[in-house]
Amino acid sequence: MYGSENNREDSEPTAFRRAEKNYKLYYDNNNAPSKKKKNKQPIPVDLTEVLDFRSILECHHRNSELPNGVIVLQDKFSSPVFNLQNRPGFYFIPGALSIEKQCDLIKESLTDFPQPPNRTNHNAIYGPIQDLFVAANEGKVLVEEKSLVTSNEPNTDLSCRDGEKWKFTTEKEASLRKCRSVSGSSLLRKLRWSTLGLQFDWSNRNYNVSLQHNKIPEALCELAKQLAKPAMPAGVEFHPEAAIVNYFASGDTLGGHLDDMEADWSKPIVSLSLGCKAIFLLGGKSREDAPLAMFLRSGDVVLMAGEARECFHGVPRIFADKENAEIDHLETQLTHEDDICFLKYIQTSRININIRQVF
Ligand code: OGA
Ligand code: MN
């Protein structure tokens, strides 16, 4: 999973790699008088080949027409489900999540989901961090507190070194101490993933059932069961056991990969998109197969089951600029004073929650 092609960089790039490079965010250095990213212009990308299931849906509603190779699975539910003729096991449900659901999931992804015992990419350096989102918004600073470590408090983290303990404190307090520190806002910006349910161990590339974990929250579990239905045989229920939450800022990408650590590939991965629009690449079973590009917007749901589980996929681009992010519906919803911090985050970010049955 999440393997990169870096070790093959000197050889001829694969078709998947070429597509990633084609859609990736590059800045125009020549026209920028200042070196600051803010003043640089993104180099325009040709998006004419990118499949747009929202316009396919609108067109289908108007005149029941579909582009070549696109199949509509069923029309009975409020959200039609699309399949692709040459990618069996791949399902796209445009706008499957209500605006309210999108807002709830964005809030949970920032507050509850990264809470210990769930692990995040920050665990390896700082150990478990409590209340990152709140601390970041309150301008708190994470400082190393060696003195707080007691002998009956074992270090349960896999990689955080013994004797290290990090705690949030005020900026003032942090400046008085001579210890290592990092701002909460910088940690929030660098939050890349959190894991729910059975914990995925990235260093060993497998699920580590001995790591302490909570069950996937009931509401998310129910939602995933409902959404998985089109990809499940009649009468068989999907059992969500693990989820990975990915956080993308402008310029962040998810390289081409396979999710092959689950025992039963007939079960779908249920993948939810929140926040800024992105480009998703769906390749074939080899990196040499040219991938299809498609837009993923906030509220879209993708299912990958069966043969599609063997297809390379990734996210080479998110659109974090106002014109292309397409999150107006979130901006009109997140207007309460308490919601401004969530709106600020999501205006330049994308969150992906992908839910899996492991066994
Ligand atoms: C993943 C994944 C896709 C996305 O996390 O395995 O493929 O839409 N995510 O972010
Ligand atoms: Mn994946």
Side-chain angles (χ1 to χ4, degrees), residues 1-4 16 19-20 23-25 50-51 53 87 89-97 102 105-106 109 113-114 118-121 191-202 205-207 216 220 224 227 231 240-262 265 267-285 287 291-320 325-326 346 349-358:
M1 178 151 94
Y2 301 90
S4 87
F16 199 96
E20 287 179 319
Y23 289 116
K24 212 180 142 189
L25 174 65
V50 184
L51 264 182
F53 278 100
R87 291 289 189 286
F90 180 82
Y91 301 74
F92 197 113
I93 320 176
L97 306 172
Q102 292 172 46
L105 287 169
I106 290 166
S109 298
F113 295 167
N118 295 344
R119 300 164 57 77
T120 77
N121 55 300
L191 180 67
R192 281 307 313 265
W193 55 262
S194 63
T195 43
L196 316 184
L198 282 180
Q199 296 292 293
F200 194 79
D201 175 358
W202 300 86
R205 293 183 72 252
N206 61 19
Y207 290 94
I216 294 188
L220 184 62
L227 291 167
E241 289 166 318
I244 297 174
V245 186
N246 293 303
Y247 306 84
F248 297 80
S250 178
D252 286 345
T253 63
L254 178 60
H257 66 277
L258 294 177
D259 299 296
D260 51 6
M261 285 302 134
E262 294 76 23
W265 290 9
K267 301 296 182 306
I269 287 182
V270 179
S271 183
L272 320 178
S273 286
L274 303 162
C276 294
K277 189 173 74 179
I279 293 180
F280 182 75
L281 292 178
L282 177 64
K285 293 182 187 178
R287 287 186 192 267
L292 276 168
M294 60 192 82
F295 289 119
L296 281 176
R297 294 182 178 86
S298 194
D300 290 344
V301 171
V302 158
L303 310 176
M304 294 179 81
E307 274 194 56
R309 289 289 307 253
E310 299 171 59
C311 292
F312 282 93
H313 59 277
V315 179
R317 179 74 179 259
I318 81 152
F319 297 91
E326 299 193 32
I346 208 67
S349 312
R350 169 177 188 264
I351 299 174
N352 164 254
I353 307 173
N354 58 87
I355 305 137
R356 300 133 188 257
Q357 177 167 341
V358 177

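Indexing begins at 1, ligand by ligand and atom by atom, following the structure's order. Here the structure is a predicted model, which is why all the values come from computation and not from measurement.
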Exercise. Is the Phe200 ring parallel, tilted or perpendicular to the Tyr207 ring (thresholds 30°, 60°)?
Worked result: perpendicular
May I ask you to say whether [X] pairs ionically with [Y], meaning some side-chain N is under 4.0 Å from a carboxylate O?
X      : Y      : answer
Glu20  : Arg317 : no
Arg87  : Glu307 : no
Arg356 : Asp259 : yes

Exercise. Which residues satisfy the salt bridge (Lys or Arg N to Asp or Glu O under 4.0 Å) test with Glu326, sequence neighbours excluded?
Worked result: Arg54, Lys277, Arg297
Examine the proximity of ligand 1 to [X] and report which part, side chain or backbone, both or neither, has a heavy atom under 4.0 Å away.
X      : result
Arg356 : side chain
Leu254 : side chain
Ile244 : neither

State the atoms of ligand 1, each with its element, that fall below the 4.0 Å cut-off from a heavy-atom position in [X].
X      : answer
Asn246 : 1 (C), 5 (O), 9 (N)
His313 : 7 (O)
Phe248 : 10 (O)
Leu296 : 8 (O)
Asp259 : 6 (O)

For this session: May I ask you to check if ligand 1 and Arg350 share an N or O to N or O distance below 3.5 Å?
Result: yes
Problem set entry | Residues in ring pair (Phe, Tyr, Trp, His ring centres under 6.0 Å) contact with Phe90, at least two apart in sequence or another chain | none
Problem set entry | Between Tyr247 and Ser194: side-chain donor-acceptor atoms closer than 3.5 Å | yes
Exercise. When you draw lines from the Mn ion (ligand 2) to OD2 of Asp259 and to NE2 of His313, what angle lies between them, to the nearest 10°?
Worked result: 90°
